[in-house]
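Comments concern the structure below.
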Amino acid sequence: MSRTSAPENADAPLSHGLKQRHLSMIALGGVIGAGLFVGSGAAIAAAGPSIIVAYALSGLLVMLVMRMLGEMSAANPASGSFSVHAERAIGPWAGFTAGWAFWFLLCVAVGLEAIGAAKIVTGWLPGVPEWSLVALFMLMFCVTNLAAVKNFGEFEFWFAALKIGAITLFLVIGVLAILGVLPGTDSPGTSNLLGQGGFLPNGSEGLIVGLLASVFAYGGLETVTIAAAESEHPVQGVAKAVRTAMWRIAVFYIGSMAVIVTLIPWNSESLAKGSYVATLEHLGLPAAGEIMNVVVLIALLSAMNANIYGASRMACSLVARGQGPKGLGRISGGVPRVAVLTSSLFGFLCVLLSYWRPDDLFMWLLNMIGAIILVVWSFIAVSQLILRRRTEREAPEKLAVRMWAYPYLTWLALAGIATVFVLMAREEGTRVQLYYTGGLVLVLAALGFAHQRLTRPARRTRPLMTAAEAAEATEPAEAAEQDEVKAGA
């Protein structure tokens with residue numbers, strides 16, 4: 001087998017310390033970030049009450065993408081996730097492009113989240129330099145990820161539990177206020193939904209801006225399929241985590257938007273401080289702002305933890321497939337510690353650039369990651385179209401999770417992704433991001449093609465799973481457990 005063929009033992013040295021409860025919370029917590037708690041305010045200001053429709057449409061797209069990814073990951077769990085699937089389906093250059101683009105996205109995101117978390121804490125401790133807090137957070141989560149993977153799982157479990165608890169409490173309070181049974185409040189009825197310019201106050205243009213904002217708010221769910229390869233039962237774990245996460249996220253996101261725009265006018269200036277904070281303060285709840293700041297801080301720290309983990313595993317998988325520096329793939333104690341350190345250092349470099357070169361280099365970084373998640377989703381959809389046919393032909397028993405209405409909904413998802421690309425090109429604020437992301441992807445694709453030609457002159461189609469990977473992924477589950485997984489798919 002050539003060096004760029006996906007490895008015989010790409011993920012075998014990694015430990016299997018994640019439990020099902022870890023996977024379920026990683027799936028839920030990974031996508032619930034500061035973008036929902038804070039960034040949704042700007043989206044509401046642009047779309048008005050129609051933000052409910054925007055989040056519903058983007059949520060549907062994300063559900064389709066995650067179902068496709070769940071199908072491939074349940075059939076073949078691998079820490080490289082969609083990068084491995086893209087290599088098998090399309091070729092080594094595709095795995096190279098998708099993998100390193102996602103690694104770059106996660107590393108920059110780590111830096112952004114560290115900056116955001118430090119700004120919140122300096123509001124409480126004004127005498128503490130912001131850079132020292134950034135360094136503390138980076139060190140804390142670097143050390144966490146250098147330890148056994150179960151430590152990462154425990155951190156994410158409790159972080160995600162706190163975030164989910166906060167949103168659940170918010171939804172309960174909001175529903176009580178809408179019904180008029182919350183003490184000190186009257187039911188607003190439909191005055192905020194249909195008043196203040198109507199359901200579409202800024203027309204279709206406002207809806208488009210809200211749609212673009214909501215699409216990127218859903219990013220982060222992919223981490224669960226990366227983590228599944230290090231779980232006790234990879235096939236069953238990813239199948240259950242993907243299924244349960246999809247409908248819960250729809251409830252949290254769409255439900256939250258519906259509560260917010262029903263309780264508070266969409267054009268309220270208070271939304272600038274964050275939609276959740278504005279809603280709670282509108283209801284007259286004491287200390288709402290500080291409580292939500294704590295929740296946002298937890299969301300940022302959780303995202304940092306998850307992104308360092310995801311970046312290190314993606315880098316390790318790429319190196320194991322001969323698509324990166326060998327040193328990054330060194331594994332000790334079941335953890336790719338060199339990859340963890342490298343990913344953390346790159347994130348810290350992004351923080352330094354925000355201080356040293358905020359107007360040029362740092363802005364270039366931000367623009368380059370603007371549409372990477374859409375590129376990743378595109379690779380996922382194309383890979384699923386190809387691998388589904390191959391799996392049905394070679395190993396249909398591996399389809400523990402099946403994409404709904406294949407191939408029609410897969411093509412619908414691709415059409416949805418293409419539509420978002422077109423909408424980004426129409427909007428001046430997102431057009432620049434599209435150009436920068438496109439440039440980065442083209443460079444990575446060119447490097448991937450060159451690497452593929454140099455190391456694998458005669459391309460061969462790789463089987464669905466090598467013997468070593470099959471031994472890693474196959475768990476001695478009870479027959480009843482297997483039947484439960486397939487029945488719920």
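Between the CD1 atom in Ile226 and the CG atom in Leu69 there is a gap of 8.5 Å [rounded to 0.5 Å]. Atoms CG and OG, on Leu328 and Ser343 in that order, are 7.5 Å from each other to the nearest 0.5 Å. With values rounded to the nearest 0.5 angstrom, Thr97 atom OG1 is found 9.5 Å from Leu440 atom CG. To the nearest 0.5 angstrom, Phe102 atom CZ is 8.0 Å from Ser81 atom OG. The CG atom of Asn307 lies 9.0 Å from the OG atom of Ser302; values are rounded to the nearest 0.5 Å. To the nearest 0.5 Å, atom CD1 of residue Ile120 and atom CG of residue Asn293 are 5.5 Å apart.
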### Query
Taking it one step at a time, do Ser256 and Tyr276 satisfy side chain to side chain donor-acceptor pair (under 3.5 Å)?
CA-CA 9 Å; Ser256 293; Tyr276 285 73; 2.7 Å; yes

### Task
Apply the test side-chain contact (heavy atoms from CB on, under 4.5 Å) to residues Phe346 and Val108: give CA-CA distance (whole Å), side-chain angles for both, the deciding distance (0.1 Å), then the verdict.
CA-CA 8 Å; Phe346 189 86; Val108 175; 4.2 Å; yes

### Task
Check the pair Ile51 / Trp266 against side-chain contact (heavy atoms from CB on, under 4.5 Å), numbers first and verdict last.
CA-CA 10 Å; Ile51 192 67; Trp266 67 270; over 6 Å; no

### Task
Determine, step by step, whether Glu290 and Trp124 satisfy the side chain to side chain donor-acceptor pair (under 3.5 Å) criterion, reporting the C-alpha distance in whole Å, the side-chain angles of both residues, the deciding distance to 0.1 Å, and the verdict.
CA-CA 10 Å; Glu290 288 307 313; Trp124 300 328; 2.7 Å; yes

### Task
Give the C-alpha distance, both sets of side-chain angles, the deciding distance and a yes or no for side-chain contact (heavy atoms from CB on, under 4.5 Å) between Val181 and Leu176.
CA-CA 5 Å; Val181 297; Leu176 292 176; 3.4 Å; yes

### Message
Between Ser317 and Arg321, is the side chain to side chain donor-acceptor pair (under 3.5 Å) condition met? List the steps.
### Response
CA-CA 6 Å; Ser317 176; Arg321 286 177 276 144; 3.1 Å; yes

### Message
The test is side-chain contact (heavy atoms from CB on, under 4.5 Å); show your working for Tyr355 and Val134 and say whether it passes.
### Response
CA-CA 12 Å; Tyr355 293 115; Val134 169; 4.3 Å; yes

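Ser73 places no side-chain N or O within donor-acceptor distance of the main-chain N or O of Gly70, the cut-off being under 3.5 Å. Listed for the His282 side chain is no donor-acceptor partner under 3.5 Å among the backbone atoms of Pro265. In this structure, Asn192 contributes its side chain and Val261 its backbone to no donor-acceptor pair below 3.5 Å. With Trp100 contributing its side chain and Gly324 its backbone, the two residues share no donor-acceptor pair below 3.5 Å. A donor-acceptor pair under 3.5 Å is formed between the side chain of Asn145 and the backbone N or O of Phe141. A donor-acceptor pair under 3.5 Å is formed between the side chain of Arg431 and the backbone N or O of Arg426.
Nearest heavy atom pair, residue Cys316 against residue Gly329, reads SG-O, 4.3 Å. The heavy-atom pair separating Ile264 from Ser270 by the smallest distance is CD1-OG, 3.6 Å. Contact between Ala381 and Met68 at its shortest, heavy atoms only, is CA-SD, 3.7 Å. For the residue pair Ala371 and Met424, the shortest heavy atom distance occurs at CB-CE, 3.9 Å. Nearest heavy atoms, Pro188 versus Leu263: CG-CD2, 4.0 Å. The two residues Ser354 and Ile115 make their nearest non-hydrogen contact at OG-CD1, 3.4 Å.
For the pair Ser58/Leu211, a side-chain contact is recorded, criterion being any heavy-atom separation below 4.5 Å from C-beta on. Residues Val53 and Leu57 have side chains in contact (heavy-atom distance under 4.5 Å, counting atoms from C-beta outward). With a 4.5 Å cut-off on side-chain heavy atoms, Val84 and Met72 do not count as touching. No side-chain heavy atom of His85 sits less than 4.5 Å from a side-chain heavy atom of Ile380. Contact annotation: the side chain of Val62 approaches that of Trp377 to within less than 4.5 Å [non-hydrogen atoms, C-beta and beyond]. For the pair Phe137/Leu300, no side-chain contact is recorded, criterion being any heavy-atom separation below 4.5 Å from C-beta on. Looking at Leu423 and Thr430, their side chains never come closer than 4.5 Å, going by heavy atoms from C-beta outward. Counting heavy atoms from C-beta on, the side chains of Arg313 and Val335 come closer than 4.5 Å.
Between Ile178 and the choices Thr185, Ile173, Val259, the side-chain contact (heavy atoms from CB on, under 4.5 Å) rule is met once, by Val259.
Between Tyr253 and Tyr55, the ring planes are tilted. Angles from 30° to 60° get that label. Using cut-offs of 30° and 60° on the angle between ring planes, the pair Phe155 and Phe159 is tilted.
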